[in-house]
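Since we're looking at a predicted model, the values are computed, not measured.
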Amino acid sequence: MARTKKIAAVESAPSKSKVTAGRTGGMLEAFARTADEVAATTKKLEKARLLGAYFHTLSDDDLVRAARYFAGHQFALNDARTTNVGGGMLRDAIGEVTGLEVENLRPRYVRLGDSGEVAFEAFDETGRGKVVKPTFTLAETESLIERLSGTRGTKNKREVLVEALRRAAPLEAKYLVKLLIGDLRIGLQEGLVEDSIARAFERPLAQVARVNMLAGDVGEAALCARRDELAGVSMRLFHPIKFMLATAAADLADVARTMPAEFFVEDKFDGIRGQAHVGQGRVALFTRTLDEVTHRFPELPAPLKHLSTDAILDGEILPARGAQILPFAELQKRLGRKTVSDELLAEVPVVFVAYDLLYADGRVMFDEPLAERRRVLESLIAKADEKAAEKNAGTLRLSAAKRVGDANELDAEFDAARSRGNEGLMIKDPRSSYKPGKRGREWLKLKRALATLDVVVTSVEVGHGKRRNLLSDYTFAVRRAAEDAELLNVGKAYSGLTDAELAELTDWFRAHTLQEFAHGRVRVVEPKIVLEVTFDRVQESKRHRSGYALRFPRILRRRDDKSVEEIDTLDAVRRLAEGNDEV
Ligand code: AMP
């Protein structure tokens with residue numbers, strides 16, 4: 001993590017004490033110096049100490065900003081705004097401000113592998129450090145982010161960006177660019193920011209993490225920690241909460257080992273995860289990426305309003321006609337559209353299948369065992385059913401949870417789930433609390449026999465024949481580990497998507513290119529497009545740095561509901577190579 005350039009930047013700082021001087025606290029430069037110092041050490045305690053010392057120099061408003069920025073967020077997580085500034089736009093802006101040609105910048109991206117580092121080097125070498133003194137405050141950084149978010153059109157956005165970068169010193173440019181990319185890459189995860197807050201203000205980490213989760217804003221968690229107001233923060237309707245995730249079970253023996261004597265078995269539905277917030281006469285639906293999607297599913301609010309109390313439900317949005325579950329591909333027809341026509345509503349109706357309950361009638365349910373959460377959920381849905389008007393009946397459903405005491409019964413359950421049109425099984429520990437954002441072993445998934453991996457596209461090439469005008473050949477990667485965001489390529493796929501999907505992605509890749517080769521025929525792209533791929537088998541290979549390559553990979557579908565943080569890891573690939581075919 002601690003690359004030479006970063007260490008050099010720290011050493012050239014006038015004095016480390018500058019970081020702790022109150023006067024400079026609210027300046028972007030002080031943030032940047034602290035970030036450089038954090039990058040220069042691999043020791044977590046030291047990182048926390050540096051952050052803590054810095055937090056103490058800040059006013060309340062700047063503390064909120066700095067905590068968010070260190071967690072890699074441009075806005076609070078509960079704020080749906082985005083800046084939508086791609087790597088390509090940043091590179092153009094860096095070129096315009098420094099006067100360096102794209103041809104000059106490109107090799108720097110290859111060598112440094114990070115847009116922020118490129119900005120620093122380019123600004124430094126062209127002497128901008130001499131003509132521009134650091135004057136950016138964190139408040140101005142926030143205004144810039146807000147302005148970029150509110151500006152429409154690539155050209156206009158670029159102008160805003162260029163104007164801002166013209167008044168940035170090299171170190172400021174480095175961190176403005178990193179922030180706009182959305183990843184500081186200084187070896188700091190959100191969990192460590194929470195830990196630093198807890199240590200700095202001497203509060204329990206669990207409380208800080210809980211407030212961050214409930215409020216959806218690490219900045220607010222920091223401020224509450226400073227003011228000793230953590231205990232007063234409770235659940236808020238219409239603020240989405242991260243979802244609890246499942247781990248793949250290797251086989252039935254794995255289930256038997258992990259689960260208690262009796263466990264819940266449910267169908268694993270193949271739709272999109274949804275969190276329904278209901279109350280104050282309003283309904284909102286959020287996806288796994290915490291984006292609001294209520295407008296896409298106009299048939300869902302009415303039945304959800306029939307719930308007898310305020311509530312937050314966790315469940316699956318599923319295409320279904322009556323009892324018949326429709327394939328996921330049907331749902332995809334609706335996902336691509338901005339507005340849902342009446343024809344489409346009739347062609348692909350959706351239902352909400354609830355399987356968990358996070359909040360009901362003023363009661364926060366996270367810490368209750370699943371068995372209790374289900375009990376309350378069941379009675380809520382039953383009452384809503386009674387109230388539902390005839391035409392809404394069946395649009396809000398409950399996922400059936402069967403208590404099973406023998407893992408050997410799962411074979412038959414798996415087949416039954418498949419015959420109902422579902423993907424496989426979910427196996428859940430009835431004693432488990434709801435752990436937002438965590439992938440644990442209290443929820444296990446048994447997926448289709450076909451082994452699949454969720455991967456992210458890292459580079460693309462133009463295709464051949466009919467596809468010679470499309471960027472249709474994708475190289476894709478997995479993460480090194482859950483806690484290590486490094487991407488490692490594992491294969492290249494040529495087929496599986498429709499021409500319409502390829503055309504749409506071609507436009508996206510052109511707009512989000514980091515580097516171009518062979519006159520744009522080969523492009524390194526921003527790693528954002530997540531795909532589910534299947535393959536013949538996994539073999540060891542020297543071709544990729546991961547050490548593995550997928551044989552005959554095929555793209556099953558886009559997974560726009562997943563972010564790059566959620567793709568599979570090298571460990572999953574390794575297990576597949578060792579003959580475990582269930583991911
Ligand atoms: P995967 O997308 O393969 O990582 O599997 C986890 C996903 O399974 C969750 O995010 C849910 O969207 C989905 N899922 C389907 N059915 C259930 C269920 N009964 N309980 C929990 N998650 C489910």
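- The backbone N or O of Thr126 lies less than 3.5 Å from no partner atom in the side chain of Thr98, so there is not a single donor-acceptor pair.
- Judged by distance alone, the side chain of Arg545 and the main-chain N or O of Asn489 form no donor-acceptor pair under 3.5 Å.
- Using a 4.5 Å cut-off on side-chain heavy atoms (C-beta onward), Pro553 and Phe476 make contact.
- Within 6.0 Å of the CD atom in Glu540, the count of heavy atoms belonging to other residues, nucleotides or ligands does not exceed 12.
- Checking Glu194 against Asn212 by side-chain atom types alone, a donor-acceptor pair falls below 3.5 Å.
- Contact check on Arg108 versus Glu117 returns no salt bridge, with no Lys/Arg side-chain nitrogen under 4.0 Å from an Asp/Glu carboxylate oxygen.
- A donor-acceptor distance shorter than 3.5 angstrom exists from the side chain of Arg91 to the backbone of Leu514, with no hydrogens or angles considered.
- The minimum heavy-atom distance between Ala32 and Tyr175, with the atom names listed, is CB-CD1, 3.4 Å.
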Going through the distances and angles, do Leu290 and Leu77 end up as a side chain to side chain contact (heavy atoms under 4.5 Å, CB included)?
CA-CA 8 Å; Leu290 308 189; Leu77 209 59; 3.9 Å; yes

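- With hydrogens and angles left out, the side-chain atoms of Ser541 and Gln539 include no donor and acceptor closer than 3.5 Å.
- Nearest heavy-atom pair across Leu63 and Ala222 is CD2-O, 3.7 Å.
- Under 4.0 Å is where a charged nitrogen must lie from a carboxylate oxygen, and between Asp484 and Arg479 no such pair does.
- Within the 4.5 Å cutoff, the side chain of Thr294 has no heavy atoms near those of the Phe297 side chain.
- Glu190 and Arg68 are not joined by a salt bridge, as no carboxylate oxygen comes within less than 4.0 angstrom of a charged side-chain nitrogen.
- Donor-acceptor pairing under 3.5 Å is lacking for the side chains of Thr513 and Glu516.
- For an aromatic pair to be called close, the ring centres must be under 6.0 Å apart, and Phe238 with Phe286 fails this.
- Residue-environment remark: CZ (Arg521) stays at or below the threshold of 12 foreign heavy atoms within 6.0 Å.
- Between Lys528 and Val564, the closest side-chain pair of non-hydrogen atoms is not below 4.5 Å.
- Using a distance-only test at 3.5 Å, with no hydrogens or angles considered, no donor-acceptor pair links the side chain of Arg236 to the main chain of His239.
- In this structure, Arg574 fails the cation-pi test against Tyr548, since its NZ or CZ atom is not both closer than 6.0 Å to the six-membered ring centre and inside 45 degrees of the ring normal.
- Side chains of Glu37 and Thr34: a donor-acceptor N/O pair is absent below 3.5 angstrom, by distance only.
- To the nearest 0.5 angstrom, Leu214 atom CG is 10.0 Å from Glu220 atom CD.
- Here the side chain of Asp61 pairs no donor or acceptor atom with the backbone of Ala139 at under 3.5 angstrom.
- Checking side-chain atoms of Asn156 against main-chain N and O of Arg152 turns up a donor-acceptor pair under 3.5 Å.
- A salt bridge does not link Asp195 to Lys47: none of the charged side-chain nitrogens sits closer than 4.0 Å to a carboxylate oxygen.
- By the 6.0 Å contact criterion, NZ on Lys435 is enclosed, its count of non-hydrogen atoms from other residues, nucleotides or ligands being greater than 12.
- The two residues Val177 and Ala119 make their nearest non-hydrogen contact at CG2-CB, 3.8 Å.
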Between Lys178 and Asp114, does the salt bridge (charged side-chain N to carboxylate O under 4.0 Å, His left out) criterion hold? Intermediate values first, please.
CA-CA 8 Å; Lys178 279 172 175 274; Asp114 176 83; 3.3 Å; yes

Under the criterion side chain to side chain contact (heavy atoms under 4.5 Å, CB included), I'd like the reasoning laid out for Phe70 against Leu184: C-alpha separation, chi angles, the key distance, then a yes or no.
CA-CA 7 Å; Phe70 271 123; Leu184 298 188; 4.0 Å; yes

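- When atom types are taken as modelled, the side chain of Thr41 and the backbone of Lys43 share a donor-acceptor pair closer than 3.5 angstrom.
- Atom CZ in Arg523 sits 12.5 Å away from atom CD in Glu526 (nearest 0.5 Å).
- Every residue meeting the ring pair (Phe, Tyr, Trp, His ring centres under 6.0 Å) condition with His512, not counting sequence neighbours, appears here in chain and number order: Trp508.
- Legend: residues meeting ring pair (Phe, Tyr, Trp, His ring centres under 6.0 Å) with Phe269, ordered by chain and number and at least two apart, are absent.
- Put simply, the residue from Thr141, Asp79, Ile145 that forms a side-chain contact (heavy atoms from CB on, under 4.5 Å) with Gln74 is Ile145.
- Judged by the 6.0 Å distance and 45° axis criteria, Arg167 is positioned over the aromatic ring of Phe136.
- Arg543 CZ: 12 or fewer foreign heavy atoms inside a 6.0 Å radius.
- Taking the side chain as every heavy atom from C-beta outward, Leu453 and Val573 approach each other to under 4.5 Å.
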Quick one, Tyr69 with Leu138, criterion side chain to side chain contact (heavy atoms under 4.5 Å, CB included). Give me CA distance, side-chain angles, the key distance, then yes/no.
CA-CA 10 Å; Tyr69 299 160; Leu138 290 179; 4.3 Å; yes

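- For Asp92 and Arg158, the salt-bridge test passes: some basic side-chain N is under 4.0 Å from an acidic carboxylate O.
- When side chains are defined from C-beta on, Pro436 does not count as touching Phe243, because their heavy atoms never get closer than 4.5 Å.
- With 3.5 Å as the limit, one finds a donor-acceptor pair spanning the side chains of Asp291 and Thr289.
- Between Ile197 and Val218 there is a side-chain heavy-atom pair separated by less than 4.5 Å.
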List the steps and the verdict of side chain to side chain donor-acceptor pair (under 3.5 Å) for Ser143 and Glu146.
CA-CA 5 Å; Ser143 307; Glu146 281 173 351; 5.1 Å; no

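- Put simply, the side chain of Arg334 gets close to the backbone of Arg296: a donor and an acceptor are under 3.5 Å apart.
- Across all their heavy atoms, Gly271 and Phe328 have their closest contact at O-CE1, 3.4 Å.
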From CA spacing to verdict: side chain to side chain contact (heavy atoms under 4.5 Å, CB included), Leu497, Leu505:
CA-CA 10 Å; Leu497 296 178; Leu505 280 175; 3.7 Å; yes

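- Using a cutoff of 4.0 Å between basic side-chain nitrogens and carboxylate oxygens, Asp62 and Arg65 are scored as salt-bridged.
- Atom-to-atom distance recorded for Leu176:CG and Leu171:CG is 10.0 Å, nearest 0.5 angstrom.
- For the pair Ile555 and Ala493, the tightest heavy-atom approach, listed with the atom from each and the gap, is CG1-CB, 3.9 Å.
- Judged purely by atom type and a 3.5 angstrom limit, Thr506 has no side-chain atom pairing as donor or acceptor with the backbone of Leu470.
- By the 4.0 Å N-to-carboxylate-O rule, Glu163 lies too far from Arg166 to be salt-bridged with it.
- Heavy-atom minimum distance, Arg439 versus Thr247: CG-OG1, 3.7 Å.
- Taking 4.5 Å as the limit, every side-chain heavy atom of Val460 sits out of range of all side-chain heavy atoms of Thr475.
- Considering Arg558, Arg557, Lys562 as possible partners of Glu532, the one that fulfils the side-chain hydrogen bond (donor to acceptor under 3.5 Å, both in side chains) test is Arg557.
- Side-chain N or O atoms of Glu566 include one that pairs as donor or acceptor with a backbone N or O of Ser563 at under 3.5 Å.
- Using a 4.0 Å cut-off between charged nitrogen and carboxylate oxygen, Lys492 and Asp473 do not count as a salt-bridge pair.
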